[in-house]
Number of protein chains: 2
Amino acid sequence: MGKARTNGRGLGAAAAGTPQSPEAEIYHKIHVAIAEHRLLPGARLVEDQLGEVFGVSRMRIRSVLHSLARDKVVTLQRNRGAVVAHPTVKEAKEVFAARRLIEVAMAPDIVRAADDAAVRRLKDHIKKEKKGEHSHDRAFELKASHEFHTLLAEIVGNRVVVGFLRELMARSSLITAIYERPDVSSCSHLAHSNLIKFIERRDAEGLAAAMLQHLHQIESDLVLFDRGEQPTDLKSVFAGS
Amino acid sequence: MGKARTNGRGLGAAAAGTPQSPEAEIYHKIHVAIAEHRLLPGARLVEDQLGEVFGVSRMRIRSVLHSLARDKVVTLQRNRGAVVAHPTVKEAKEVFAARRLIEVAMAPDIVRAADDAAVRRLKDHIKKEKKGEHSHDRAFELKASHEFHTLLAEIVGNRVVVGFLRELMARSSLITAIYERPDVSSCSHLAHSNLIKFIERRDAEGLAAAMLQHLHQIESDLVLFDRGEQPTDLKSVFAGS
DNA sequence: GCCGGGCATATTGTAAACAATATTGTTCAC
DNA sequence: GTGAACAATATTGTTTACAATATGCCCGGC
């Protein structure tokens, strides 16, 4: 580890930073494409095609796909290739349960670690979220919203936890793509501004409560019915027709 | 996902279960070898050698090493191969901070989810720990101790969290291998029995407090000085001479 | 005797060719 | 006309050989 390496999860840097390794860049680009809902759950990721798109050999793509699979954002099927992951309802609930567990528990650490510069960074990010909301670009809006949660972990400064959060946010992005109800209003920046208030007051308990409520709100904006399980990926086709 | 797949982290199953995929087995074996301290931090993992040992091609080994690198139990250096990871002091502290965050926060969920069968499983595991302690096999003892913590997560039943815990336990194993002071007495089974008492009483707060104290105890049994940072892996050589 | 350059070796990185497999389309029998 | 068997295609899995790189050794110069 030479300088500022492996500060997150996966190859290079998943959300921020400048990937320099040849395949780290591809990893990053696909990751972002999925986070921005340009690649939707169920989309096939053919090695040859991706290899041509990025001008590299299949082998590189293969390696990248394995890394993405480890992040649970793509699913590998033996002899059948890779597809963008399609989280089940059960998986979705588990991801949100994990988020509640970790993000709520972080509250005391956040309050402790958040200095003036950190609060300023958070407020700057809120501006970004508002801008995204005005532009009515749902993908950008959602990505910014997820970045806020990662940012909170970054303030605490524990790279292990940041890595967990990155993974959870990536999976949340997929879950939202699948299960979001069409009539959402969200306005996540309001909830986030609320969280910042508690941080400024150094109110850890209040922050924890607000975070818990926020996460419940997000989950209740989804349609997570428990019927049937496992659409086996072709459910997505049926869902489209 | 056909039947009971991807219930943990990484390939196949990291700690329990029967790996059937050809390279999942190798992944599992190396993982266990590291957890049992048969492979120590800094040990080189040459592709050809491993390929011959397991009777497979280099490519399989390569894939496995990448998976292990993602788990942070091995470190990949470009053009220089793979070595068993050598966590820094900073990394070690972050891992333990993450464990405190998650394992303490799990307390209410554990109390809620622990039925009679679960408590029995925990008590059975304690027997295993005691046996390990009598045999004076430090490696076995430590592995059993880590399994207890994973078991707690499994009782809650959230596979995402179980995955996180598995990763944290694997890294804890490496950290212990490096930083354990020689005069430890540990007796983890006592602390674990204590945790079970709180679970039986359905005392979430008590469990949380006991868990926090237990984790602090484990960390204070290590020698985590903050000098110098980043040994770049050759610190291990210096440490030996 | 010590330092530096250059060669030899070991190991990993990469690419290309080949084999195995799944999917799709077609044809044939009934 | 329907169904199953078969062939064709597309895609992944695997092996092989080759290139690039780092490390250690040896030798010559000073």
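Both backbone and side-chain heavy atoms feed into the values below; hydrogens, waters and symmetry mates do not.
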**A:Arg100 side, atom CZ; A:Leu168 side, atom CG - distance, nearest 0.5 Å** = 12.0 Å
**Message:** To the closest 0.5 Å, what do you measure between CZ (B:Arg138) and CG (B:Leu142)?
**Reply:** 4.5 Å
Starting at atom [atom1] of [X], determine the distance to atom [atom2] of [N], rounded to an integer number of angstrom.
{"X": "B:Ile61", "N": "D:dT15", "atom1": "CD1", "atom2": "P", "value": "11 Å"}
{"X": "B:Arg60", "N": "D:dT16", "atom1": "CZ", "atom2": "P", "value": "12 Å"}
{"X": "B:Gln77", "N": "D:dA22", "atom1": "CD", "atom2": "P", "value": "12 Å"}
{"X": "B:Arg44", "N": "C:dA10", "atom1": "CZ", "atom2": "C1'", "value": "9 Å"}

**Message:** Please classify the nucleic acid contact of B:Leu45 as base, sugar-phosphate, or nothing, using heavy-atom distances under 4.0 Å.
**Reply:** sugar-phosphate
**Message:** Taking any heavy-atom pair under 4.0 Å as a contact, classify B:Leu65: base, sugar-phosphate, or nothing.
**Reply:** nothing
**Asked** Any Lys/Arg nitrogen of B:Glu147 or B:Lys128 sitting under 4.0 Å from an Asp/Glu carboxylate oxygen of the other?
**Response** yes
For [X], give me all partners under salt bridge (charged side-chain N to carboxylate O under 4.0 Å, His left out), at least two apart in sequence or on another chain.
{"X": "B:Lys29", "answer": "B:Glu25"}
{"X": "A:Glu129", "answer": "none"}
{"X": "B:Arg62", "answer": "B:Glu47"}

**Message:** Give the residues of residues 46-55 of chain A touching DNA chain C, defined as any heavy atom closer than 4.0 Å, sorted by residue number.
**Reply:** none
**Fill in**
Between A:Ala105 and A:Asp109 the two heavy atoms that sit nearest each other are O-OD2, 4.2 Å
**Prompt:** Considering residues at least two apart in sequence or located in another chain, which fulfil the ring-ring contact (aromatic ring centres under 6.0 Å, His included) criterion with A:His214?
**Reply:** A:His149, A:His192
**Asked** In B/S/- notation, 5' to 3', how is nucleotides 17-24 of chain C contacted by protein heavy atoms closer than 4.0 Å?
**Response** ----SSS-
